[in-house]
Amino acid sequence: MTTEPTSSATVRASGAGPLRASGAAVEVRGLVHRFETPDGTLTVLDGLDLSVAAGGYVALSGRSGAGKSTLLSVLGGLERPQRGQVDVGGHDLDALHGDEMAAFRRTTVGFVFQHFGLLGALTASENVELALTLAGARRDRRRERAAELLDAVGLTGRARHRPLALSGGELQRVAIARALANEPRLVLADEPTGNLDEDSTERVLDLLEAVTAARGCTLIVVTHNRAVAARAHVRHRLDGGILHPEVSA
């Protein structure tokens, strides 16, 4: 493993593709999501409401198993809303099916996960290119875009390295670059610093906030870390299947 650089990556917005004027507004009304368990029906989202303005930055916290990741999965089109209305950037997610839902995930949403989600056999550049491959981008465009994004997250010199040769902070920066590959309007980050030490956490959050703000992306972060949540403009706690606004002390 390499050591993490001592300074934060410089965000070069001018070299990272066209900037967006605004992100995707999120409107959720009466969202219900249940799971069947051996002990009966478990309701994790119980008439949940959420409004996020285009370009907003929201943190969601709550105990393990409260339904935070389920909510992100619904917002990102990985799971269908069982009941209620979910609108992301003007898309009614209940009305999207098959190829339409796949296109929504590719073009509107970028995901950043706690465990990075990178493929060990691919280089940093190839991991970023993979998102573009799935979107049907030409080979020359894939390489150009991956180079732009790795430059934006300060990893130009690590583009040909595979995940085993990268530190935790570097892995998450590659994951951020991949999440931005298709110019998403909404970035969903599920415990993005859960596997990082305190110093790497600060650097990764600085970067995530900077690159999403530069593009006007809406950013929703799920976290157990109160210090991470405190950085967001709006904070909610998920408890009992609904969201409770948190105010600064």
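What's counted below: heavy atoms across the whole structure, side chains too, no hydrogens, waters or symmetry copies.
- Taking CG of L208 as the start and CG of L219 as the end, the distance is 5.0 Å to the nearest 0.5 Å.
- Taken from CG in L150 to NE2 in H161, the straight-line distance is 12.0 Å, to the nearest 0.5 Å.
- A donor-acceptor distance shorter than 3.5 angstrom exists from the side chain of Q172 to the backbone of F113, with no hydrogens or angles considered.
- Within the 4.5 Å cutoff, the side chain of V58 has heavy atoms near those of the H236 side chain.
- In this structure the side chain of L122 reaches within 4.5 angstrom of the side chain of N127, judged on heavy atoms.
- For the residue pair E79/H33, the side-chain donor-acceptor check at 3.5 Å is satisfied.
- Using a 4.5 Å heavy-atom threshold, the side chains of L93 and R80 count as separate.
- A salt bridge is defined here as a Lys NZ or Arg NE, NH1 or NH2 lying under 4.0 Å from an Asp or Glu carboxylate O, and R203 with E170 fails to meet this definition.
- In the model, E129 has no side-chain atom that pairs as donor or acceptor with a side-chain atom of T133 under 3.5 Å.
- A side-chain contact (heavy atoms from CB on, under 4.5 Å) with V109 is found for exactly one of L188, V187, T218, namely L188.
- Contact between G120 and P163 at its shortest, heavy atoms only, is O-CD, 3.6 Å.
- Here the CG-CG distance, from L72 to L78, works out to 9.0 Å after rounding to the nearest 0.5 Å.
- A donor-acceptor pair under 3.5 Å is formed between the side chain of N195 and the backbone N or O of Q114.
- No more than 12 heavy-atom neighbours from other residues, nucleotides or ligands sit within 6.0 angstrom of CZ on R83.
- Put simply, L42 and L48 are part of the same group of oily side chains (I, L, V, M, F, W, Y) that touch within less than 4.5 Å, one to the next.
- When atom types are taken as modelled, the side chain of R145 and the backbone of A181 share a donor-acceptor pair closer than 3.5 angstrom.
- Atoms CG and CZ, from D49 and R29 in turn, are 5.0 Å apart once rounded to the nearest 0.5 Å.
- No single ILVMFWY cluster, assembled from side-chain heavy atoms under 4.5 Å apart, contains both L60 and Y57.
- Shortest non-hydrogen contact noted between V44 and F35 is CG2-CE1, 3.6 Å.
- Counting heavy atoms from C-beta outward, V222 and L238 have side chains that stay 4.5 Å or more apart.
- Side-chain contact, T156 with D151: a donor N or O sits under 3.5 Å from an acceptor N or O.
- Of the possible donor and acceptor atoms, one in the side chain of R215 sits under 3.5 Å from a partner among the backbone N and O of V211.
- Considering all non-hydrogen atoms of both residues, C217 and P184 come closest at SG-O, 3.3 Å.
- Taken together through direct or relayed side-chain contacts under 4.5 Å among Ile, Leu, Val, Met, Phe, Trp and Tyr, V28 and V221 form parts of separate hydrophobic clusters.
- In this structure, a donor-acceptor pair under 3.5 Å is absent between the side chains of S61 and R237.
- A donor-acceptor pair under 3.5 Å links the side-chain atoms of R142 to the main chain of A137, judged by distance alone.
- Taking every heavy atom of both residues into account, G240 and D46 meet most closely at O-CB, 4.0 Å.
- Between D94 and V86, the closest side-chain pair of non-hydrogen atoms is not below 4.5 Å.
- A side-chain donor-acceptor contact under 3.5 Å links R173 to the backbone of G154.
- A donor-acceptor contact shorter than 3.5 Å links the side chain of K68 to the backbone of G62.
- By the 6.0 Å contact criterion, CG on D140 is enclosed, its count of non-hydrogen atoms from other residues, nucleotides or ligands being greater than 12.
- Within a 6.0 Å radius of CZ in R226, no more than 12 heavy atoms belonging to other residues, nucleotides or ligands are found.
- Using a 4.5 Å cut-off on side-chain heavy atoms (C-beta onward), I220 and L186 make contact.
- Side chain of T212 to main chain of E209: a donor-acceptor pair is present (N/O by atom type, distance under 3.5 Å, no hydrogens or angles).
- A single hydrophobic cluster is seen to contain both V234 and V26, as judged by linkage of ILVMFWY side chains at heavy-atom distances under 4.5 Å, directly or through other members.
- Atoms CG and CG, on L118 and L166 in that order, are 8.0 Å from each other to the nearest 0.5 Å.
- The shortest heavy-atom contact between R231 and D206 is NH2-OD1, 2.6 Å.
- Counting heavy atoms from C-beta outward, R138 and E144 have side chains that stay 4.5 Å or more apart.
- Linking ILVMFWY side-chain heavy atoms closer than 4.5 Å, directly or via other members, places V74 and L96 in a single hydrophobic cluster.
- Counting heavy atoms from C-beta outward, D190 and F111 have side chains that stay 4.5 Å or more apart.
- Of all non-hydrogen atoms in R34 and T43, the two that sit nearest each other are NE-OG1, 3.1 Å.
- The NE2 atom of H115 sits 9.0 Å away from the CD atom of E191 when rounded to the nearest 0.5 Å.
- By the neighbour-count criterion of 12 heavy atoms within 6.0 Å, atom CD of Q85 is sparsely surrounded, having that number or fewer from other residues, nucleotides or ligands.
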